Trainee: 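Sharing a structure with you now.
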Amino acid sequence: MNKSMRIRMASPVIAIAISFGSHASAIAHAFLDNAVPKVGSVVSAAPKAIQIQFTQRIEVAFSHIHLFTATGQEIAMGQVAMDPSDQTIMSAPVTGTLAPGKYEVRWDVLSVDTHRTNGHFPFTYQP
Amino acid sequence: MSNLECLLFRPFSRAAKSSHYARGRSLVLAPSALMLSLLPQSAHAHAVAGNRIFPATLEVDDPSVASELTLPSISWARGPLDSNGNFPNSTNISGEFDLLITPRLALGISNGWNSQTAKGERGVYGYQNIEVSGKYLFYENDEHEILMSAGLVVDVGGTGSSNFGDDTSTFTPTFYFGKGMGDLPDSMALLKPFAITGTLGVEIAQNRNNPDVLHPGITLQYSMPYLKSAVKDYELPDFFNRLIPVVEIPLAVGLNNGSHTWGGTINPGVIYLHNTWQFAIEASLPVTAADQHGVGVNAEFHVFLDDLVPAFFRPITGAN
(Lines give C-alpha, C1' and ligand atoms only; values in the text may rest on other atoms or scores of the structure.)
Protein backbone atom coordinates (compact mmCIF):
# COMPACT_ATOMS: atom_id res chain seq x y z
CA MET A 1 0.00 0.00 0.00
CA ASN A 2 1.54 3.31 -1.02
CA LYS A 3 1.62 6.39 1.15
CA SER A 4 -1.18 8.30 -0.59
CA MET A 5 -3.48 5.28 -0.33
CA ARG A 6 -2.70 4.95 3.37
CA ILE A 7 -3.52 8.61 3.88
CA ARG A 8 -6.80 8.28 1.99
CA MET A 9 -7.82 5.26 4.03
CA ALA A 10 -6.83 6.91 7.27
CA SER A 11 -8.70 10.14 6.60
CA PRO A 12 -12.14 9.02 7.83
CA VAL A 13 -10.57 7.54 10.96
CA ILE A 14 -8.71 10.76 11.67
CA ALA A 15 -11.89 12.75 11.07
CA ILE A 16 -13.81 10.57 13.52
CA ALA A 17 -11.12 10.98 16.14
CA ILE A 18 -11.08 14.76 15.68
CA SER A 19 -14.85 14.89 15.88
CA PHE A 20 -14.91 13.01 19.16
CA GLY A 21 -12.30 15.35 20.50
CA SER A 22 -14.20 18.46 19.52
CA HIS A 23 -17.81 19.55 19.82
CA ALA A 24 -19.43 16.41 18.46
CA SER A 25 -22.90 17.73 19.13
CA ALA A 26 -22.23 20.54 16.70
CA ILE A 27 -22.60 18.23 13.72
CA ALA A 28 -25.62 16.00 13.87
CA HIS A 29 -29.30 15.85 13.09
CA ALA A 30 -31.02 18.82 14.75
CA PHE A 31 -33.56 17.66 17.31
CA LEU A 32 -35.54 19.76 19.74
CA ASP A 33 -33.62 20.32 22.94
CA ASN A 34 -35.69 23.00 24.68
CA ALA A 35 -38.59 25.26 23.84
CA VAL A 36 -40.40 28.32 25.15
CA PRO A 37 -43.17 27.72 26.00
CA LYS A 38 -41.94 24.40 27.32
CA VAL A 39 -43.04 21.18 25.68
CA GLY A 40 -46.35 20.08 27.19
CA SER A 41 -46.56 23.08 29.51
CA VAL A 42 -49.57 25.09 30.62
CA VAL A 43 -48.98 28.85 30.37
CA SER A 44 -51.12 31.54 31.91
CA ALA A 45 -50.07 34.27 29.49
CA ALA A 46 -50.35 33.99 25.75
CA PRO A 47 -46.81 33.57 24.38
CA LYS A 48 -45.62 36.46 22.25
CA ALA A 49 -43.13 34.21 20.47
CA ILE A 50 -42.20 30.57 20.04
CA GLN A 51 -38.55 29.84 20.69
CA ILE A 52 -36.88 26.48 20.08
CA GLN A 53 -33.36 25.40 20.89
CA PHE A 54 -32.00 22.48 18.86
CA THR A 55 -29.30 19.96 19.53
CA GLN A 56 -27.15 21.48 16.82
CA ARG A 57 -26.78 24.57 14.66
CA ILE A 58 -29.37 25.17 11.99
CA GLU A 59 -29.81 27.14 8.79
CA VAL A 60 -32.60 29.55 9.64
CA ALA A 61 -33.28 30.45 6.01
CA PHE A 62 -34.51 26.89 5.47
CA SER A 63 -36.22 26.42 8.83
CA HIS A 64 -39.78 27.11 9.92
CA ILE A 65 -42.10 27.31 12.92
CA HIS A 66 -45.86 27.01 12.60
CA LEU A 67 -48.55 27.22 15.27
CA PHE A 68 -51.92 25.48 15.12
CA THR A 69 -55.00 25.31 17.31
CA ALA A 70 -56.38 21.98 18.50
CA THR A 71 -58.78 22.05 15.55
CA GLY A 72 -55.98 22.55 13.05
CA GLN A 73 -56.43 26.27 12.40
CA GLU A 74 -53.09 27.97 11.75
CA ILE A 75 -52.19 30.98 13.88
CA ALA A 76 -50.33 33.81 12.15
CA MET A 77 -46.61 33.89 12.89
CA GLY A 78 -43.89 36.33 11.94
CA GLN A 79 -40.58 35.54 10.29
CA VAL A 80 -38.29 33.08 12.04
CA ALA A 81 -35.04 34.53 13.27
CA MET A 82 -31.81 33.13 14.63
CA ASP A 83 -30.51 34.03 18.05
CA PRO A 84 -27.47 36.14 17.06
CA SER A 85 -25.40 34.63 19.87
CA ASP A 86 -26.43 31.00 19.41
CA GLN A 87 -27.09 29.35 16.05
CA THR A 88 -28.96 26.49 17.75
CA ILE A 89 -31.82 28.79 18.78
CA MET A 90 -34.49 30.12 16.51
CA SER A 91 -37.73 31.91 17.29
CA ALA A 92 -40.75 33.39 15.60
CA PRO A 93 -43.18 36.01 16.92
CA VAL A 94 -46.82 35.06 17.36
CA THR A 95 -48.70 37.75 15.43
CA GLY A 96 -52.13 36.13 15.61
CA THR A 97 -54.41 36.20 18.63
CA LEU A 98 -54.48 33.20 20.92
CA ALA A 99 -57.69 32.12 22.62
CA PRO A 100 -57.44 29.88 25.65
CA GLY A 101 -56.94 26.27 24.60
CA LYS A 102 -54.49 23.69 23.38
CA TYR A 103 -51.95 24.47 20.68
CA GLU A 104 -49.46 22.54 18.63
CA VAL A 105 -46.14 23.92 17.47
CA ARG A 106 -44.81 22.35 14.27
CA TRP A 107 -41.22 22.90 13.27
CA ASP A 108 -38.95 21.80 10.49
CA VAL A 109 -35.29 22.69 10.21
CA LEU A 110 -32.23 22.19 8.09
CA SER A 111 -29.13 21.56 10.14
CA VAL A 112 -25.81 23.02 9.08
CA ASP A 113 -24.72 19.58 7.91
CA THR A 114 -27.82 19.53 5.65
CA HIS A 115 -29.86 16.93 7.55
CA ARG A 116 -33.56 17.79 7.56
CA THR A 117 -35.68 17.05 10.62
CA ASN A 118 -39.17 17.97 11.73
CA GLY A 119 -41.39 17.55 14.75
CA HIS A 120 -44.18 18.98 16.80
CA PHE A 121 -45.08 19.55 20.43
CA PRO A 122 -48.09 20.78 22.40
CA PHE A 123 -48.68 23.48 24.96
CA THR A 124 -51.82 24.85 26.58
CA TYR A 125 -52.79 28.48 27.09
CA GLN A 126 -54.93 28.73 30.19
CA PRO A 127 -55.21 32.29 31.56
CA MET B 1 -31.83 -33.72 20.71
CA SER B 2 -29.60 -33.48 17.67
CA ASN B 3 -27.00 -30.82 17.20
CA LEU B 4 -29.21 -29.35 14.56
CA GLU B 5 -32.15 -29.11 16.87
CA CYS B 6 -29.95 -27.77 19.60
CA LEU B 7 -28.82 -24.98 17.38
CA LEU B 8 -32.31 -24.05 16.34
CA PHE B 9 -32.93 -22.88 19.85
CA ARG B 10 -30.63 -20.06 19.11
CA PRO B 11 -32.46 -16.78 18.90
CA PHE B 12 -32.48 -14.48 15.94
CA SER B 13 -29.60 -12.19 16.42
CA ARG B 14 -26.93 -10.42 14.59
CA ALA B 15 -24.34 -12.82 13.32
CA ALA B 16 -21.77 -10.97 15.28
CA LYS B 17 -23.41 -12.32 18.41
CA SER B 18 -23.38 -15.88 17.24
CA SER B 19 -20.81 -17.16 19.67
CA HIS B 20 -23.49 -17.48 22.27
CA TYR B 21 -25.16 -19.94 20.11
CA ALA B 22 -22.23 -21.84 18.70
CA ARG B 23 -22.68 -24.38 21.40
CA GLY B 24 -23.80 -27.90 21.70
CA ARG B 25 -23.24 -30.77 24.02
CA SER B 26 -19.59 -30.49 23.25
CA LEU B 27 -17.42 -27.54 22.48
CA VAL B 28 -16.69 -28.92 19.04
CA LEU B 29 -19.69 -28.76 16.77
CA ALA B 30 -20.39 -30.28 13.40
CA PRO B 31 -19.72 -27.84 10.59
CA SER B 32 -23.19 -28.35 9.16
CA ALA B 33 -24.75 -27.33 12.44
CA LEU B 34 -22.34 -24.48 12.91
CA MET B 35 -23.79 -22.81 9.90
CA LEU B 36 -26.87 -22.11 11.94
CA SER B 37 -24.84 -20.30 14.50
CA LEU B 38 -24.34 -17.54 11.99
CA LEU B 39 -27.61 -15.81 12.28
CA PRO B 40 -28.95 -12.86 10.32
CA GLN B 41 -27.43 -9.50 10.72
CA SER B 42 -27.98 -6.26 8.99
CA ALA B 43 -27.31 -2.59 9.08
CA HIS B 44 -28.12 -0.83 12.29
CA ALA B 45 -29.27 2.70 11.70
CA HIS B 46 -29.97 6.12 13.10
CA ALA B 47 -33.65 5.93 12.26
CA VAL B 48 -35.69 9.12 12.25
CA ALA B 49 -39.37 9.50 11.40
CA GLY B 50 -40.76 12.89 12.41
CA ASN B 51 -40.41 13.32 16.15
CA ARG B 52 -39.25 9.73 16.54
CA ILE B 53 -35.70 8.46 16.76
CA PHE B 54 -35.51 4.69 16.63
CA PRO B 55 -32.24 3.77 18.34
CA ALA B 56 -29.95 1.02 17.09
CA THR B 57 -31.05 -2.08 18.95
CA LEU B 58 -28.65 -4.91 19.70
CA GLU B 59 -30.41 -8.06 18.53
CA VAL B 60 -33.45 -7.05 16.48
CA ASP B 61 -32.31 -4.68 13.80
CA ASP B 62 -34.08 -1.33 13.41
CA PRO B 63 -35.71 -0.37 10.11
CA SER B 64 -33.59 2.53 8.97
CA VAL B 65 -30.45 2.94 6.92
CA ALA B 66 -27.40 5.04 7.75
CA SER B 67 -23.63 5.21 7.70
CA GLU B 68 -22.60 3.88 11.07
CA LEU B 69 -20.15 1.82 13.03
CA THR B 70 -20.77 -0.66 15.81
CA LEU B 71 -17.51 -1.25 17.64
CA PRO B 72 -17.21 -3.05 19.86
CA SER B 73 -20.20 -5.25 20.37
CA ILE B 74 -19.59 -7.64 23.23
CA SER B 75 -21.79 -10.45 24.45
CA TRP B 76 -21.40 -13.17 27.00
CA ALA B 77 -23.57 -16.08 28.09
CA ARG B 78 -23.28 -19.60 29.38
CA GLY B 79 -24.39 -22.31 27.02
CA PRO B 80 -26.62 -25.25 27.88
CA LEU B 81 -25.17 -28.26 29.71
CA ASP B 82 -22.52 -30.03 27.64
CA SER B 83 -21.52 -33.69 27.65
CA ASN B 84 -18.93 -33.05 30.35
CA GLY B 85 -21.44 -31.54 32.71
CA ASN B 86 -20.34 -27.96 32.12
CA PHE B 87 -22.16 -24.82 31.08
CA PRO B 88 -19.55 -23.40 28.70
CA ASN B 89 -18.79 -19.68 28.64
CA SER B 90 -19.44 -18.15 25.23
CA THR B 91 -18.00 -14.73 24.45
CA ASN B 92 -18.25 -12.74 21.27
CA ILE B 93 -16.49 -9.51 20.31
CA SER B 94 -17.56 -8.08 17.01
CA GLY B 95 -17.92 -5.02 14.83
CA GLU B 96 -20.04 -3.81 11.98
CA PHE B 97 -19.69 -1.04 9.40
CA ASP B 98 -22.53 0.28 7.29
CA LEU B 99 -22.33 2.81 4.49
CA LEU B 100 -25.09 4.78 2.81
CA ILE B 101 -24.96 4.39 -0.94
CA THR B 102 -28.07 6.45 -1.56
CA PRO B 103 -30.26 8.15 1.08
CA ARG B 104 -32.37 4.99 1.15
CA LEU B 105 -29.86 2.21 0.48
CA ALA B 106 -27.09 1.03 2.79
CA LEU B 107 -24.55 -1.76 2.51
CA GLY B 108 -22.92 -3.36 5.52
CA ILE B 109 -20.19 -5.76 6.53
CA SER B 110 -19.54 -7.38 9.88
CA ASN B 111 -17.45 -9.99 11.58
CA GLY B 112 -16.72 -11.19 15.08
CA TRP B 113 -14.38 -13.24 17.18
CA ASN B 114 -15.72 -16.02 19.36
CA SER B 115 -14.50 -18.00 22.29
CA GLN B 116 -16.02 -20.93 24.12
CA THR B 117 -14.41 -22.18 27.28
CA ALA B 118 -15.35 -24.59 30.03
CA LYS B 119 -13.59 -25.94 33.07
CA GLY B 120 -11.48 -28.95 32.19
CA GLU B 121 -12.21 -28.66 28.50
CA ARG B 122 -10.15 -27.35 25.65
CA GLY B 123 -11.30 -23.89 24.62
CA VAL B 124 -12.49 -23.13 21.13
CA TYR B 125 -11.60 -19.80 19.53
CA GLY B 126 -11.93 -18.21 16.13
CA TYR B 127 -13.59 -15.82 13.74
CA GLN B 128 -17.04 -16.40 12.42
CA ASN B 129 -17.95 -16.03 8.77
CA ILE B 130 -18.06 -12.55 7.30
CA GLU B 131 -21.54 -11.21 6.76
CA VAL B 132 -22.53 -8.68 4.13
CA SER B 133 -25.89 -6.99 3.95
CA GLY B 134 -27.96 -4.56 1.96
CA LYS B 135 -31.04 -2.73 3.14
CA TYR B 136 -33.46 -0.42 1.35
CA LEU B 137 -35.82 1.97 3.13
CA PHE B 138 -38.97 1.84 1.01
CA TYR B 139 -41.50 3.60 3.24
CA GLU B 140 -41.31 6.53 5.66
CA ASN B 141 -44.24 8.32 7.26
CA ASP B 142 -43.18 11.12 9.60
CA GLU B 143 -46.69 11.96 10.78
CA HIS B 144 -47.37 8.41 11.98
CA GLU B 145 -43.74 7.60 12.81
CA ILE B 146 -43.52 4.58 10.52
CA LEU B 147 -40.47 3.18 8.77
CA MET B 148 -40.32 0.03 6.64
CA SER B 149 -37.34 -1.52 4.93
CA ALA B 150 -36.36 -4.67 3.10
CA GLY B 151 -32.94 -6.22 2.98
CA LEU B 152 -30.78 -9.21 2.30
CA VAL B 153 -28.17 -10.62 4.67
CA VAL B 154 -25.57 -13.01 3.30
CA ASP B 155 -23.40 -15.12 5.54
CA VAL B 156 -20.44 -15.85 3.31
CA GLY B 157 -19.49 -19.48 3.69
CA GLY B 158 -15.86 -20.41 4.22
CA THR B 159 -14.71 -17.00 5.44
CA GLY B 160 -14.52 -17.84 9.14
CA SER B 161 -12.56 -20.32 11.20
CA SER B 162 -13.52 -23.99 10.98
CA ASN B 163 -14.85 -23.88 14.54
CA PHE B 164 -17.32 -21.08 13.97
CA GLY B 165 -17.89 -20.70 10.25
CA ASP B 166 -19.51 -23.14 7.87
CA ASP B 167 -18.24 -23.73 4.37
CA THR B 168 -21.58 -22.91 2.81
CA SER B 169 -23.49 -19.66 2.80
CA THR B 170 -26.91 -18.60 4.01
CA PHE B 171 -29.17 -15.95 2.50
CA THR B 172 -31.68 -14.11 4.64
CA PRO B 173 -34.22 -11.81 2.99
CA THR B 174 -35.62 -9.68 5.81
CA PHE B 175 -38.46 -7.22 6.35
CA TYR B 176 -37.96 -4.47 8.94
CA PHE B 177 -40.51 -2.13 10.44
CA GLY B 178 -40.80 0.53 13.14
CA LYS B 179 -43.86 2.29 14.50
CA GLY B 180 -43.92 5.06 17.08
CA MET B 181 -47.01 5.70 19.16
CA GLY B 182 -46.92 9.47 18.83
CA ASP B 183 -50.28 9.50 17.07
CA LEU B 184 -52.13 8.19 20.11
CA PRO B 185 -54.80 10.60 21.43
CA ASP B 186 -53.71 13.28 23.88
CA SER B 187 -55.61 11.48 26.65
CA MET B 188 -52.90 8.80 26.35
CA ALA B 189 -50.02 11.27 26.13
CA LEU B 190 -47.68 9.36 28.43
CA LEU B 191 -47.93 6.34 26.14
CA LYS B 192 -46.78 8.31 23.11
CA PRO B 193 -43.06 7.71 23.79
CA PHE B 194 -43.61 3.97 23.24
CA ALA B 195 -42.52 2.43 19.96
CA ILE B 196 -42.23 -1.03 18.53
CA THR B 197 -39.82 -2.28 15.92
CA GLY B 198 -39.55 -5.70 14.40
CA THR B 199 -38.04 -7.94 11.79
CA LEU B 200 -39.11 -11.00 9.90
CA GLY B 201 -36.44 -12.92 8.04
CA VAL B 202 -36.11 -16.34 6.46
CA GLU B 203 -32.60 -17.76 6.56
CA ILE B 204 -32.19 -19.93 3.49
CA ALA B 205 -29.40 -22.47 3.65
CA GLN B 206 -27.23 -23.04 0.62
CA ASN B 207 -26.57 -26.52 1.98
CA ARG B 208 -29.98 -28.07 1.58
CA ASN B 209 -29.22 -30.61 4.30
CA ASN B 210 -29.49 -27.78 6.78
CA PRO B 211 -32.85 -26.36 7.77
CA ASP B 212 -34.12 -22.99 6.69
CA VAL B 213 -34.90 -20.85 9.71
CA LEU B 214 -37.57 -18.25 10.31
CA HIS B 215 -36.37 -15.30 12.41
CA PRO B 216 -39.11 -13.12 13.87
CA GLY B 217 -38.02 -10.42 16.27
CA ILE B 218 -39.71 -7.56 18.06
CA THR B 219 -38.72 -4.74 20.39
CA LEU B 220 -40.72 -2.54 22.73
CA GLN B 221 -39.07 0.72 23.73
CA TYR B 222 -39.94 3.83 25.72
CA SER B 223 -38.13 6.94 24.56
CA MET B 224 -37.30 9.51 27.22
CA PRO B 225 -35.94 11.83 24.47
CA TYR B 226 -39.37 11.64 22.86
CA LEU B 227 -41.11 12.38 26.15
CA LYS B 228 -39.04 15.52 26.60
CA SER B 229 -39.17 16.84 23.06
CA ALA B 230 -42.71 15.96 21.97
CA VAL B 231 -44.95 15.22 24.96
CA LYS B 232 -43.92 17.01 28.14
CA ASP B 233 -40.64 18.38 29.37
CA TYR B 234 -40.41 17.37 33.01
CA GLU B 235 -37.04 19.11 33.30
CA LEU B 236 -35.32 15.90 34.29
CA PRO B 237 -31.52 15.76 34.36
CA ASP B 238 -30.07 15.44 30.87
CA PHE B 239 -28.84 11.92 31.59
CA PHE B 240 -32.38 10.61 32.09
CA ASN B 241 -33.67 12.48 29.07
CA ARG B 242 -31.29 10.44 26.92
CA LEU B 243 -32.36 6.99 28.10
CA ILE B 244 -34.47 4.54 26.14
CA PRO B 245 -35.51 1.47 28.14
CA VAL B 246 -36.03 -1.41 25.74
CA VAL B 247 -37.01 -5.06 25.63
CA GLU B 248 -35.90 -7.08 22.64
CA ILE B 249 -37.30 -10.50 21.83
CA PRO B 250 -35.33 -12.24 19.07
CA LEU B 251 -36.77 -15.65 18.16
CA ALA B 252 -36.06 -18.44 15.69
CA VAL B 253 -37.79 -21.57 14.45
CA GLY B 254 -36.69 -24.19 11.95
CA LEU B 255 -38.87 -24.61 8.90
CA ASN B 256 -37.80 -27.92 7.42
CA ASN B 257 -35.42 -30.88 7.63
CA GLY B 258 -37.12 -32.04 10.80
CA SER B 259 -36.36 -28.92 12.80
CA HIS B 260 -39.43 -27.09 14.00
CA THR B 261 -38.41 -25.98 17.47
CA TRP B 262 -38.78 -22.45 18.72
CA GLY B 263 -35.98 -20.75 20.57
CA GLY B 264 -34.88 -17.30 21.56
CA THR B 265 -34.21 -14.86 24.32
CA ILE B 266 -35.90 -11.96 26.06
CA ASN B 267 -33.51 -9.05 26.46
CA PRO B 268 -34.42 -6.16 28.77
CA GLY B 269 -31.98 -3.29 28.78
CA VAL B 270 -31.38 0.38 28.29
CA ILE B 271 -29.89 2.58 25.58
CA TYR B 272 -28.16 5.89 26.24
CA LEU B 273 -28.68 8.02 23.14
CA HIS B 274 -26.27 10.85 22.45
CA ASN B 275 -26.46 13.05 19.37
CA THR B 276 -23.75 11.17 17.49
CA TRP B 277 -23.34 7.89 19.39
CA GLN B 278 -25.11 5.53 21.71
CA PHE B 279 -24.25 2.95 24.31
CA ALA B 280 -26.53 0.02 25.05
CA ILE B 281 -26.52 -2.78 27.58
CA GLU B 282 -28.99 -5.61 27.95
CA ALA B 283 -29.52 -8.78 29.90
CA SER B 284 -30.28 -11.91 27.89
CA LEU B 285 -32.84 -14.29 29.36
CA PRO B 286 -33.34 -17.63 27.61
CA VAL B 287 -36.79 -18.62 26.45
CA THR B 288 -35.95 -22.27 27.12
CA ALA B 289 -33.18 -24.07 29.00
CA ALA B 290 -31.83 -25.24 25.66
CA ASP B 291 -31.10 -21.68 24.60
CA GLN B 292 -28.56 -20.84 27.26
CA HIS B 293 -27.90 -21.32 30.96
CA GLY B 294 -28.94 -18.39 33.08
CA VAL B 295 -28.63 -14.74 32.27
CA GLY B 296 -26.26 -13.43 29.62
CA VAL B 297 -25.13 -9.88 28.89
CA ASN B 298 -24.93 -7.90 25.64
CA ALA B 299 -23.38 -4.46 25.29
CA GLU B 300 -22.28 -2.29 22.42
CA PHE B 301 -21.00 1.12 21.45
CA HIS B 302 -22.46 2.54 18.30
CA VAL B 303 -21.48 5.62 16.28
CA PHE B 304 -23.69 7.47 13.79
CA LEU B 305 -21.02 8.24 11.22
CA ASP B 306 -23.22 10.36 9.00
CA ASP B 307 -23.81 12.64 11.97
CA LEU B 308 -20.35 12.52 13.45
CA VAL B 309 -18.43 13.08 10.23
CA PRO B 310 -21.01 14.14 7.66
CA ALA B 311 -18.42 15.32 5.17
CA PHE B 312 -17.06 11.77 4.82
CA PHE B 313 -20.22 9.74 5.20
CA ARG B 314 -22.81 11.37 3.03
CA PRO B 315 -24.63 9.06 0.63
CA ILE B 316 -22.38 8.31 -2.30
CA THR B 317 -25.13 9.27 -4.70
CA GLY B 318 -28.47 11.10 -4.47
CA ALA B 319 -29.63 13.99 -2.34
CA ASN B 320 -29.27 13.74 1.42
Side-chain angles (χ1 to χ4, degrees), chain A residues 8-43 52-57 62 70 72 88 101-124, chain B residues 46-53 64 66-69 71 97 99-100 103 140 142-143 145 180 182-183 185-187 189-190 192-193 223 225-236 238 241-242 273-278 301 303-315 319-320:
Chain A
R8 277 202 304 274
M9 293 184 69
S11 296
V13 176
I14 294 167
I16 291 169
I18 291 171
S19 298
F20 268 115
S22 62
H23 299 288
S25 63
I27 46 169
H29 283 80
F31 298 113
L32 187 150
D33 192 25
N34 284 291
V36 180
K38 282 201 170 295
V39 173
S41 63
V42 178
V43 296
I52 305 176
Q53 180 168 22
F54 293 93
T55 53
Q56 81 130 311
R57 292 175 293 135
F62 302 97
T88 67
K102 289 187 175 180
Y103 291 87
E104 181 172 86
V105 176
R106 292 189 166 267
W107 55 267
D108 64 273
V109 297
L110 180 72
S111 64
V112 293
D113 65 1
T114 72
H115 285 115
R116 271 216 165 275
T117 49
N118 65 80
H120 53 89
F121 68 88
F123 73 88
T124 301
Chain B
H46 197 180
V48 180
N51 274 334
R52 177 73 52 178
I53 305 170
S64 191
S67 292
E68 51 202 346
L69 178 70
L71 191 70
F97 172 66
L99 182 66
L100 273 182
E140 176 179 345
D142 288 352
E143 186 68 26
E145 301 170 2
D183 51 6
D186 289 343
S187 59
L190 289 179
K192 290 185 177 186
S223 173
Y226 191 99
L227 178 69
K228 180 196 173 186
S229 66
V231 179
K232 185 171 175 59
D233 184 355
Y234 287 98
E235 301 183 56
L236 298 173
D238 188 56
N241 283 327
R242 293 182 178 276
L273 185 67
H274 189 265
N275 297 334
T276 54
W277 55 268
Q278 67 166 60
F301 184 73
V303 180
F304 305 113
L305 295 173
D306 49 353
D307 277 335
L308 186 64
V309 197
F312 280 101
F313 294 103
R314 291 182 188 285
N320 194 13

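Hydrogens, waters and symmetry mates play no part in the numbers below; they use all other heavy atoms, side chains included. Letters A, B, ... are given to chains in the order of the sequence lines, protein chains preceding strands, and every chain is numbered from 1. Every value quoted in this text rests on a predicted model; they were computed, and no experiment measured them.
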Trainee: So do B/Asn51 and A/His120 actually touch side chain to side chain, heavy atoms under 4.5 Å?
Mentor: yes
Trainee: Which atoms of B/Asn241 are under 4.5 Å from chain A, going by heavy atoms: the side chain, the backbone, both sets, or neither?
Mentor: neither
Trainee: Give the member of A/Asn118, A/Ile52, A/Thr117, A/Asn34 that has the highest number of heavy-atom pairs under 4.5 Å with chain B.
Mentor: A/Asn118
Trainee: Measure across B/Val231 and A/Pro122 and return the closest heavy-atom pair with its distance rounded to 0.1 Å.
Mentor: O-CG, 3.8 Å
Trainee: Could you grab the distance from atom CG of B/Asn275 to atom CG of A/Asp33, nearest 0.5 Å is fine?
Mentor: 8.0 Å
Trainee: Applying a criterion of heavy atom separation less than 4.5 Å, what residues of residues 103-110 of chain A form contacts with chain B?
Mentor: A/Arg106, A/Trp107
Trainee: Specify the closest pair of heavy atoms between B/Ser229 and A/Leu32, including all atoms of both residues, with the distance to one decimal.
Mentor: CB-O, 3.8 Å
Trainee: Around A/Lys38, counting heavy atoms of other residues, nucleotides and ligands shown, do more than 12 lie under 6.0 Å from its NZ?
Mentor: yes
Trainee: Would a 4.5 Å heavy-atom cut-off, applied to side chains only, mark A/Phe31 and B/Val48 as touching?
Mentor: yes
Trainee: Does B/Asp307 reach the main-chain N or O of A/His29 with its side chain, forming a donor-acceptor pair under 3.5 Å?
Mentor: yes
Trainee: What are the two closest heavy atoms between B/Lys232 and A/Gly40, and how far apart are they?
Mentor: NZ-O, 3.4 Å
Trainee: Which one, B/Pro225, B/Ala189, B/Gly182, B/Gly50, leads in non-hydrogen pairs under 4.5 Å with chain A?
Mentor: B/Gly50
Trainee: Shortest non-hydrogen contact from A/His115 to B/Asp306?
Mentor: CE1-O, 3.1 Å
